[in-house]
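All heavy atoms count here, side chains included; hydrogens, waters and symmetry mates do not. Start at 1 and go down the list; that is how both ligands and their atoms are numbered.
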Amino acid sequence: MINILMSGCNGKMGQVITRLASGSEELTIAAGYDLNNSKDNPYPVFTNIHQCDVKVDAIIDFSNPAALENILEFAVSRKIPVVMATTGLSDENIKVLEMASAEIPIFFSANMSLGVNLLLDIVKKASKILSDNFDIEIIEKHHNQKLDSPSGTALAIADAINLALEQKYEYTYDRHSVREKRSKREIGIHAVRGGTIVGEHSVIFAGNDEIIEIKHTATSKEIFAVGALRAAKFICGRKPGFYNMNDLISAE
Ligand SMILES: NC(=O)C1=CN([C@@H]2O[C@H](COP(=O)(O)OP(=O)(O)OC[C@H]3O[C@@H](n4cnc5c(N)ncnc54)[C@H](OP(=O)(O)O)[C@@H]3O)[C@@H](O)[C@H]2O)C=CC1
Ligand SMILES: O=C(O)C1=N[C@H](C(=O)O)C[C@H](O)C1
């Protein structure tokens, strides 16, 4: 049985993962970490991760970038692998994650769903074929409780396209302050927030008289929870390193 420390255990994703893991014969949530102990969780919850005295095999984090430093200090000091799903991380946060991955296995993905990771592949191929004649815009939609904008997934899609196109593109966020025509060398990234939208990502390739739209819609948070639990199983027992969904998909 793999014992998980669920970081952000009281949050929306923490609660979905708690529910899913309760039916698992391979994994169990052995402890939680969150800002307070307000939920009736079936495991001990620590408001200071360093006080966690439960033996855990992996940490899954769906919390907030502010928690990153504490989680990594704790994980590195005890050699515990981490599945990092929190978005809104700064470039500095990513560097810290990469440094920690020299000492422990870190699995990082802004989107734990299988579908978005397939979308990334499709979009990279489409970009190579279309970029000379089509403008690329990304639109993401999420619930009204989301803190970060644009979504981590929208940024990951833009980065994947840019990598496929040899890093030639600048990002234009929303467009409210722009008073000139778009250039060929930009990717527009736009965020919509409302109600309970779980998560939508559309990549639009707009050309002369034709538009191609590649879209992923999440209709339940369970897809992210399933992916995170698979990632936890995947990183347990691995060498230190920085892993992602491609590593998991090619290993299964
Ligand atoms: N990679 C992926 O596939 C996915 C990633 N996410 C990301 O996961 C994160 C969490 O999402 P979600 O569950 O919807 O958010 P929630 O706000 O519902 O949950 C976050 C939880 O973390 C707690 N928290 C906040 N700050 C800290 C801290 N410094 N230390 C410990 N706990 C803290 C919050 O407490 P409080 O409410 O009191 O602030 C809350 O209980 C977001 O960044 C989101 O974008 C979400 C879905 C999929
Ligand atoms: O906050 C969310 O809900 C989600 N966040 C992730 C992101 O920022 O990309 C992934 C998913 O879309 C849900």
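Distances below 4.0 Å separate heavy atoms of Asp148 from the following atoms of ligand 1: 45 (O). Close contacts between ligand 1 and Gly8 involve ligand atoms 21 (C), 22 (O) [criterion: under 4.0 Å to a heavy atom]. When each atom of ligand 1 is checked for a heavy atom of Met13 under 4.0 Å away, the hits are 13 (O), 46 (C), 47 (C). Heavy-atom contacts of Thr87 reach the following atoms of ligand 2: 6 (C), 7 (C), 8 (O) (cutoff under 4.0 Å). In summary, the atoms of ligand 1 found under 4.0 Å from a heavy atom of Lys146, numbered by their order in the structure, are 45 (O).
Put simply, OG1 on Thr153 and CD on Glu140 are 8.0 Å apart, with the number rounded to the nearest 0.5 Å.
When the heavy-atom distances from atom 18 (O) of ligand 1 to Met6, Lys12, His142 are ranked, the shortest goes to Lys12. Evaluated by nearest non-hydrogen atom to atom 27 (C) of ligand 1, the leading choice among Leu35, Asn48, Ile71 is Leu35. Nearest to atom 35 (O) of ligand 1 by heavy-atom distance, out of Ile17, Asn10, Asp34, is Asp34.
Contact of the Arg182 side chain with the Asp135 side chain is registered, since non-hydrogen atoms from C-beta on lie closer than 4.5 Å. Asp247 is not listed as a side-chain neighbour of Phe107, based on a closest heavy-atom distance of 4.5 Å or more. Side-chain contact between His142 and Glu200 is absent, with no heavy-atom pair separated by less than 4.5 Å. Side-chain contact between Lys233 and Ile2 is present, with at least one heavy-atom pair separated by less than 4.5 Å. Ile136 is not listed as a side-chain neighbour of Ile204, based on a closest heavy-atom distance of 4.5 Å or more. By the 4.5 Å heavy-atom criterion applied to side chains, His216 and Ile223 are counted as neighbours. The shortest side-chain heavy-atom distance between Ser63 and Ile71 falls under the 4.5 Å cut-off. Between His143 and Lys221, the closest side-chain pair of non-hydrogen atoms falls below 4.5 Å.
The protein non-hydrogen atom at the shortest distance from atom 26 (N) of ligand 1 is Asn64 CB, 3.3 Å. Distance from atom 5 (N) of ligand 2 to its nearest protein heavy atom, with residue and atom name: Lys146 NZ, 3.1 Å. Ranking the protein heavy atoms by distance from atom 5 (C) of ligand 1 puts Ala85 O, 3.0 Å first. The nearest protein atom to atom 2 (C) of ligand 1, hydrogens excluded, is given as Ala110 O, 3.4 Å; this is a heavy-atom distance. Protein heavy atom at the shortest distance from atom 9 (C) of ligand 1 is Ser63 O, 3.6 Å. Nearest to atom 6 (C) of ligand 2 among the protein's heavy atoms is Ala110 O, 3.6 Å. Here the heavy atom of the protein found nearest to atom 13 (C) of ligand 2 is His142 NE2, 3.6 Å. Regarding atom 8 (O) of ligand 1, its nearest protein heavy-atom neighbour is Phe62 CD2, 3.5 Å. The nearest heavy-atom contact from the protein to atom 30 (N) of ligand 1 is Ala67 CB, 3.4 Å. Among all non-hydrogen protein atoms, the one lying nearest atom 3 (O) of ligand 1 is Met112 N, 2.8 Å. Regarding atom 9 (O) of ligand 2, its nearest protein heavy-atom neighbour is Thr153 OG1, 2.4 Å. If you check which protein heavy atom lies closest to atom 45 (O) of ligand 1, you get Thr87 OG1, 2.5 Å.
Residue contacts with ligand 2 do not include Met112, since none of its heavy atoms lies under 4.0 Å from the ligand. Put simply, no part of Gly88 is less than 4.0 Å from ligand 1, judged by heavy atoms. Residue contacts with ligand 1 do not include Lys221, since none of its heavy atoms lies under 4.0 Å from the ligand. At least one heavy atom of His201 sits closer than 4.0 Å to an atom of ligand 2.
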Before you tell me yes or no, could you show the steps for Ile157 and Leu119 under side chain to side chain contact (heavy atoms under 4.5 Å, CB included), namely the whole-Å CA-CA distance, both residues' side-chain angles and the distance that decides it to 0.1 Å? CA-CA 9 Å; Ile157 295 169; Leu119 175 140; 3.7 Å; yes
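For the pair Ser101 (side chain) and Glu98 (backbone), a donor-acceptor distance under 3.5 Å is present. Within the 3.5 Å criterion, the main-chain N or O of Thr86 finds no donor-acceptor partner in the side chain of Asn64.
When heavy-atom distances to ligand 1 are checked against a 4.0 Å cut-off, Phe224 comes that close only through its side chain, counted from C-beta outward. With a 4.0 Å heavy-atom cut-off, ligand 2 is reached by the side chain of His143 but not by its N, CA, C or O. With a heavy-atom cut-off of 4.0 Å, Glu140 does not touch ligand 2 at all. Counting heavy atoms under 4.0 Å from ligand 1, residue Ser113 does not touch it at all. Of all the heavy atoms of Met13, none lies under 4.0 Å from any atom of ligand 2, so neither backbone nor side chain is involved.
The protein does not reach atom 37 (O) of ligand 1 closely, with no heavy atom under 4.0 angstrom from it.
Geometrically, Arg238 engages Phe234 in a cation-pi contact defined by less than 6.0 Å to the ring centre and at most 45° from the axis.
Annotation: Glu69, atom CD; neighbour count of heavy atoms from other residues, nucleotides and ligands within 6.0 Å does not exceed 12.
A salt bridge is defined here as a Lys NZ or Arg NE, NH1 or NH2 lying under 4.0 Å from an Asp or Glu carboxylate O, and Arg175 with Glu137 meets this definition. Asp53 has no carboxylate O lying under 4.0 Å from a charged side-chain N of Lys55, or vice versa, which leaves the two without a salt bridge.
When each of Asp61, Asp57, Ile49, Val82 is checked for a side-chain contact (heavy atoms from CB on, under 4.5 Å) with Leu5, only Ile49 meets the rule. Tested against Val226 for a side-chain contact (heavy atoms from CB on, under 4.5 Å), the candidates Val16, Leu114, Leu20 yield a single pass: Leu20.
For ligand 2, one of its N or O atoms has an N or O atom of Gly152 under 3.5 Å away.
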